[in-house]
Amino acid sequence: MRLTILGGGGFRVPLVYGALLGDHAEGRVSHVTLYDEDARRLGAMARVLADQAAAAGVTDAPSVTATTDLDEALRGADFVFSAIRVGGLEGRAADERIALAEGVLGQETVGAGGIAYGLRTVPVAREIARRIARTAPEAWVINFTNPAGVVTEAMAEELGNRVIGICDSPVGLGRRIARLLGARPQDAWIDYVGLNHLGWVRGLRIDGRDELPRLLADAEALESFEEGRLFGADWLRSLGAIPNEYLHYYYFNRDTVRAYQQVKQTRGAFLRDQQRGFYAEAGRLDLRAGAALGAWDRTRAEREATYMAENREVAGVGERDESDLESGGYEKVALALMRAIARDERATLILNVQNRGTLAVLDAQAVIEVPCLVDANGAHPVAVDPLPLHAVGLVTSVKAAEREVLAAAASGSRATAVKAFALHPLVDSVAVARRLVDGYAAEHPGLAYLR
């Protein structure tokens with residue numbers, strides 16, 4: 001099989017390639033094409049992947065080619081993995097700075113920052129979807145480009161159910177809960193429902209029995225893992241569910257905004273500066289064998305340890321425990337998804353797919369994040385119980401804002417962009433929304449289409 005990675009110079013590409021190196025089954029990926037507009041980043045990443053293959057001692061490692069030509073990258077692909085970042089980390093840092101100056105959240109997928117990122121990314125994602133439909137119509141597209149829900153929904157306009165969004169947050173959360181309950185994650189059924197970065201674990205079934213109430217009754221166990229420490233046992237018991245970590249931005253919004261305003265450097269600015277150093281080091285011509293991979297490993301460890309540091313400060317929980325540093329493994333989710341489709345090996349995965357009647361409060365085309373059964377025909381959402389009213393309010397209001405992002409990107413309407421910001425529950429001011437649109441349009445060339 002041939003895999004094309006869009007955003008092939010991106011920092012997390014080695015996670016995907018590392019998963020492929022460990023896959024020795026028949027029908028595995030034999031060739032990887034890296035596509036990126038930045039040839040320098042492509043060169044650095046190709047070095048890291050070469051070091052990975054050498055370190056793994058794999059004699060039949062997937063071959064790697066790199067190109068800055070999109071059609072060349074897509075031609076002949078069986079799977080396309082999309083992980084682009086329109087505007088780069090410089091754009092993310094600006095998203096955060098402009099939002100925080102208005103007293104609202106600038107996180108890259110949540111609130112004002114997520115809307116700005118979506119407005120930049122959706123036009124590009126739509127064009128990529130059209131190119132895939134024309135150049136590789138039989139390819140399956142796995143989207144990790146943020147904001148993943150709205151970008152997947154935009155690409156589905158062209159590709160239908162052949163585009164599937166993935167995220168590692170629900171997987172990581174379900175894994176932590178299962179282990180706390182003494183179960184192997186692969187043996188547990190996770191009742192998870194919502195939108196990307198806006199979902200809840202409402203149950204965790206082991207041998208047909210829901211064990212989540214047992215965890216909710218144990219305050220010490222509840223506060224022994226990342227989400228439990230972030231939200232606190234009392235709030236989790238009030239909800240009767242375990243929220244995705246990103247809901248901390250909603251439930252503790254004022255506290256988080258205040259903490260973000262007080263830091264010396266936002267997350268986006270930190271990653272921008274950190275990755276500048278990494279790519280400069282990995283791109284040096286005099287590097288010894290293995291040095292590029294070593295630089296990547298060190299940079300990744302620092303990146304993971306500082307994840308959501310401001311939120312942990314608000315919760316008063318200090319540094320991340322070693323057990324929390326393991327992500328949900330989006331690369332493993334992507335590999336499992338590819339296997340299930342390519343080999344018709346049925347799997348159950350939490351994915352971002354079109355609703356198709358799964359949640360009655362949303363229309364059929366709305367992309368939601370729920371457990372899906374995957375086979376050779378794609379991902380099929382599993383029936384779920386209705387959302388409680390507090391979740392309905394958040395899900396429908398955020399989806400309404402996402403729909404305005406899609407409409408603004410299609411029409412170029414500044415008024416519609418203002419509406420997208422103003423309707424989001426973490427902005428809640430038309431006046432602020434207008435200033436945000438002005439600020440973002442002035443900063444980002446990618447928003448020049450708004451008029």
Side-chain angles (χ1 to χ4, degrees), residues 109-110 114 143 146-153 156 161 164-178 181 185 188-206 208-213 215-216 226-228 230-231 235-251 328 330 333 336-337 347-374 378-403 425:
T109 62
V110 177
N143 178 60
N146 277 325
V150 69
V151 170
T152 301
E153 193 163 324
N161 65 1
I164 300 166
I166 64 171
C167 181
D168 54 354
S169 290
V171 180
L173 173 56
R175 181 183 296 142
R176 288 188 281 274
I177 295 173
L181 292 169
W189 173 267
I190 305 168
D191 176 8
Y192 183 94
V193 62
L195 306 179
N196 180 241
H197 291 179
L198 189 76
W200 299 260
V201 171
R202 303 182 301 179
L204 192 136
R205 295 191 174 275
I206 303 168
R209 177 185 173 87
D210 185 6
E211 298 291 349
L212 188 62
L215 176 59
L216 291 171
E226 177 102 322
E227 288 78 6
L230 273 178
F231 294 103
W235 181 237
L236 297 183
R237 286 169 170 170
S238 296
L239 290 174
I242 312 294
N244 183 298
E245 60 199 350
Y246 283 84
L247 273 151
H248 194 267
Y249 293 116
Y250 292 86
Y251 294 143
Y330 87 93
V333 180
L337 178 56
T348 302
L349 302 167
I350 298 172
L351 301 167
N352 287 268
V353 295
Q354 290 181 314
N355 181 34
R356 306 173 209 165
T358 307
L359 288 178
V361 296
L362 297 174
D363 60 48
Q365 287 72 43
V367 166
I368 60 174
E369 193 168 75
V370 290
C372 297
L373 299 178
V374 187
H380 316 281
V382 175
V384 297
D385 291 334
L387 290 164
L389 283 178
H390 70 85
V392 169
L394 277 177
V395 165
T396 54
S397 61
V398 170
K399 181 55 71 175
E402 289 183 352
R403 283 290 169 77

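We use all heavy atoms of the structure for the numbers below, so side chains are in, but hydrogens, waters and symmetry mates are not. By convention here, the first residue in the shown sequence is residue 1.
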**OP:** Locate the shortest heavy-atom distance separating Pro243 from Ala241; write the atom from each residue and the value.
**Re:** CD-O, 3.7 Å
Original post:
At what distance, to the nearest 0.5 angstrom, does CD1 of Ile350 lie from CD1 of Ile166?
Top reply: 12.5 Å
**OP:** Could you tell me whether the side chains of Asn143 and Thr152 share a donor-acceptor contact shorter than 3.5 Å?
**Re:** yes
Subject >> Point-to-point distance, once rounded to the nearest 0.5 Å, from CG of Leu394 to CG of Leu389 >> reply: 11.5 Å
**OP:** Test side-chain contact (heavy atoms from CB on, under 4.5 Å) on Ile242 and Leu216 and set out the steps.
**Re:** CA-CA 9 Å; Ile242 312 294; Leu216 291 171; 3.9 Å; yes
**OP:** List the steps, then state whether side-chain contact (heavy atoms from CB on, under 4.5 Å) holds for Glu369 with Leu195.
**Re:** CA-CA 5 Å; Glu369 193 168 75; Leu195 306 179; 5.7 Å; no
**OP:** Search all heavy atoms of Tyr246 against all heavy atoms of Tyr250 and return the closest pair with its distance.
**Re:** O-CD1, 3.8 Å
Subject >> Which atom of Leu236 lies closest to which atom of Gly228, heavy atoms considered >> reply: CD1-CA, 3.8 Å
Original post:
Does a side-chain heavy-atom distance below 4.5 Å link Pro185 with Ile177?
Top reply: no
**OP:** Decide yes or no for Val193 and Ile368: does some side-chain heavy atom of the first lie under 4.5 Å from some side-chain heavy atom of the second?
**Re:** no
**OP:** Starting from the C-alpha separation in whole Å, work towards a yes-or-no answer on salt bridge (Lys or Arg N to Asp or Glu O under 4.0 Å) for Glu227 and Arg176.
**Re:** CA-CA 9 Å; Glu227 288 78 6; Arg176 288 188 281 274; 2.6 Å; yes
Subject >> Heavy-atom closest contact (Gly203 atom, Leu212 atom, distance) >> reply: N-CD2, 3.6 Å
Original post:
Quick one: does Ser169's side chain get under 4.5 Å of His197's, heavy atoms only?
Top reply: yes
Original post:
Do Val398 and Pro425 come within less than 4.5 Å of each other through their side chains, counting heavy atoms only?
Top reply: yes
**OP:** Kindly compute the distance separating CG (Leu239) from CZ (Arg202), expressed to the nearest 0.5 Å.
**Re:** 12.5 Å
Subject >> Distance (rounded to the nearest 0.5 Å) between Ile190 CD1 and Arg175 CZ >> reply: 9.0 Å
Subject >> Given Asn146, Val151, Val150, the one that forms side-chain contact (heavy atoms from CB on, under 4.5 Å) with Thr109 >> reply: Asn146
Subject >> Side chain Asn244, main chain Leu247, donor-acceptor under 3.5 Å >> reply: no
**OP:** Kindly compute the distance separating CG (Leu198) from NZ (Lys399), expressed to the nearest 0.5 Å.
**Re:** 10.0 Å
**OP:** Decide side-chain contact (heavy atoms from CB on, under 4.5 Å) for Arg356 and Asn161; before the verdict, give the C-alpha distance in whole Å, the side-chain angles of both, and the deciding distance to 0.1 Å.
**Re:** CA-CA 10 Å; Arg356 306 173 209 165; Asn161 65 1; 3.4 Å; yes
Original post:
Of all heavy-atom pairs between Asn196 and Cys167, which one has the smallest distance, and what is that distance?
Top reply: ND2-CB, 3.4 Å
**OP:** Please test Val333 against Leu351 for side-chain contact (heavy atoms from CB on, under 4.5 Å), starting from the C-alpha separation and ending with a verdict.
**Re:** CA-CA 9 Å; Val333 180; Leu351 301 167; 4.1 Å; yes
Original post:
When you measure from the side chain of Asn355 to the backbone N and O of Gln365, does any donor-acceptor pair fall under 3.5 Å?
Top reply: no
Original post:
When the ring planes of His390 and Trp200 are compared, do they come out parallel, tilted or perpendicular, using 30° and 60° as the limits?
Top reply: perpendicular
Original post:
Taking all non-hydrogen atoms of both residues, which atom of Leu204 and which atom of Asp210 are closest, and how far apart?
Top reply: N-OD1, 3.0 Å
